[in-house]
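I have placed the structure first, in the form of structure tokens, so that the comments after it can refer back to it.
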Amino acid sequence: MPFTNKFIQQRIQKAELLKQDGINPFSNDSKRNTTIQKYLNVNSDIEEKENKRDENRHYIVSGRIKFLRVMGKASFVKIEDESGMLQIYVTRDNLPEGFYNNHFKKNIEVGDIIEVGGFPFVTGHGELSLHVSELKLLTKAIAPLPEKFHGITDKEVRYRKRYLDLIMNAEVRKTFQTRSKVISLTRRFFEDKGFLEVETPMMHPIAGGANAKPFVTHHNALGIDRYLRIAPELYLKRLIVGGFEAVFEINRNFRNEGMDATHNPEFTSIEFYWAYKTYKDLIEITKEYFAYLFEHLNLPTLLPYGDMEVNFDNFNEIPLIESLSSIGGVDADIVNDKEKILAFLTSKGLEANSAMNLGQLQGELFDEFVEEKLIDPTFITEYPVEISPLARRSDENPEITERFELFIAGREIANAFSELNDPIDQLSRFEGQMAAKDSGDDEAHEMDKDFVEALSYGMAPTAGQGIGIDRLVMLLTNEHSIRDVLLFPAMKPLMQEVQEI
RNA sequence: GUCUUGUUAGCUCAGCUGGUAGAGCACGUCACUUUUAAUGAUGUGGCCGAUGGUUCGAAUCCAUCACAGGACACCA
């Protein structure tokens, strides 16, 4: 039963009283002619004027009431719009007869959205304010806002009712503005380089392009299951086969796996594919991309992240095998021997799965001993072929691939490689993954014969990369949970909601 | 999935080893024409997350469940 709360009842009553006096509590008759930020900028000279005011200027601004200080016949009110917060000065004698006492003091309150007109002045305490001569209620808020000082801190409420979080917490708004800028800048960066933005299917007949468990849905008309995509990779490469030479897609991927501080079931990535280039070129464009972001976001290249400090002027590059010993501290004579790695893992009290092949074990060593130590941006290169089913083999050493992952602040940010374009090799890699699947690896890559057929028509030598946008935004905004960079993070439904459905 | 911490008024939080529920903000009423979390006076406001159990008596102890935070596992 909605609206039974006594505070809500009280506020509904106030809306009724307003209506009875011909005041629409949900008016759409806004005459706003400037934003609060613009008002503050344009009138920054008032401080120097005679009496610190200019009655010849007139502005109309709108916003939500955040603070309300009534002192008898005069009041100070703070209203907030998207651009900022403004103090307004409201007096009984500057409003129509009776309005101040009968409505402003009684029926208008914190949370309501109002519109005011008046002239700029500076208060005794030196705050540029607006001297109100017209005041109109635009929207009555029938639910009360959270407490004005502590705001809303309960994470569950903040995520479930993000609108309240946004009303109460300016820094949260800032984070999402930054997120929007990151996406916009990313798009502009790649467009300026001549990349074509494309949209590929979100519903796949085969969940390919990554090793992950998919969400399954059903298409009634065709009577077949579809998988929400776990990655756009195989479709973007089909476009390279088709003759587009530089494409990118910024969109959601879906993975049916656990949720934690760095994983949400739907997350945003950019993937881009660039013909006639190699992963070496990707290292260069990635550095350029970060420099571009930092410049346009006005971020310092020494960026704090938690108790770390990340130096974005210090990009490093090191082959994976080498990193195991030079950074991970694992003896060099261990890292190329399956049995020795197994023994080493066991000696460290870690799970050693003897069914794993050498490449997988090297990946384990990396995850265990190296990843978290990579604070400054580091390109880890030359991944083992066993854990890179879609990457091109190195011409010098067929056991490793022309691949890198970029790590920053101990976390994977990007994954890139020169693409495998040999259809026969691709087929056998898929077959290898199928064998792994048969022996219990339920996250091995699916066979995609249609993709192999596409490759058989010839895909130009190409390099491709994926960047996790959410994790990137976390890094740039110093946020430590992916939920804090997603407007509406995945949450379990509450019991009542389930029952009502 | 495992461990762990939490859930008390609209919000932020107290409530000790069981004894009929507390504060601040918000809200109501009164006062107040330069306040900055305005101030002073006064009042209203609770299924103590849910369900069972122990007990003369449970917000408090126990069990189960729900949701959330954190850690771990899983996840290139």
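Values below: all heavy atoms of this structure, side chains included; hydrogens, waters and symmetry mates excluded. Numbers restart at 1 for each chain; the letters A, B, ... are given by sequence-line order, proteins then strands. What you are looking at is a predicted structure, and each value in this text was computed from that prediction instead of being measured.
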Does [X] place a side-chain N or O at less than 4.0 Å from the phosphate oxygens OP1/OP2 of [N]?
X      : N      : answer
A/K155 : B/rU7  : no
A/R92  : B/rU33 : no
A/R483 : B/rG70 : yes
A/K492 : B/rC67 : yes
A/T153 : B/rC13 : yes

Taking any heavy-atom pair under 4.0 Å as a contact, classify [X]: base, sugar-phosphate, or nothing.
X      : result
A/F366 : nothing
A/E257 : sugar-phosphate
A/M491 : sugar-phosphate
A/K14  : sugar-phosphate

Please report the distance, rounded to the nearest Å, between [atom1] in [X] and [atom2] in [N].
X      : N      : atom1 : atom2 : value
A/L128 : B/rU34 : CG    : C1'   : 14 Å
A/D165 : B/rA68 : CG    : C1'   : 15 Å
A/E372 : B/rA71 : CD    : C1'   : 14 Å

Subject >> Side chain A/D260 and base B/rC74 donor-acceptor under 3.5 Å >> reply: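 Yes.
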Original post:
Taking atom types as they are modelled, is there a donor-acceptor pair under 3.5 Å from the base of B/rU36 to the side chain of A/T123?
Top reply: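 A donor-acceptor contact between them is present.
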Original post:
Between the side chain of A/R403 and the main-chain N/O of A/F417, is any donor-acceptor distance below 3.5 Å?
Top reply: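 It does not hold such a pair.
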Original post:
With a centroid cutoff of 5.5 Å and a plane-angle limit of 30°, would you call A/F7 stacked on B/rG10?
Top reply: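 Ring-base stacking flag not set for A/F7 and B/rG10.
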**OP:** Pick the P atom in B/rG69 and in B/rC30, then give their distance to the nearest Å.
**Re:**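 It comes out at 44 Å once rounded to the nearest Å.
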Original post:
Considering only the C1' atoms, how many Å lie between B/rC61 and B/rG19, rounded to the nearest integer?
Top reply: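 Comparing C1' positions in B/rC61 and B/rG19 gives a spacing of 15 Å.
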Original post:
Quick one, which residues of residues 70-90 of chain A touch RNA chain B with a heavy atom under 4.0 Å?
Top reply: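 Of all residues in residues 70-90 of chain A, the ones placing a heavy atom under 4.0 Å from RNA chain B are A/V70, A/M71, A/G72, A/K73, A/A74, A/F76, A/K78, A/Q87, A/Y89.
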Subject >> Of A/I152 and A/D367, the one whose closest RNA chain B nucleotide lies more 5' >> reply: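 That would be A/I152.
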Subject >> Most 5' of A/E127 and A/H150 on RNA chain B, judged by nearest nucleotide >> reply: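 Nearest nucleotide further toward 5': that of A/H150.
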Original post:
Would you call A/T35 and A/E82 a side-chain contact if the rule is heavy atoms closer than 4.5 Å?
Top reply: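 A side-chain contact under 4.5 Å is absent here.
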Subject >> Matching residue for A/E80 among A/K148, A/R64, A/R173 - test: salt bridge (Lys or Arg N to Asp or Glu O under 4.0 Å) >> reply: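 For A/E80, the salt bridge (Lys or Arg N to Asp or Glu O under 4.0 Å) check succeeds only for A/R173.
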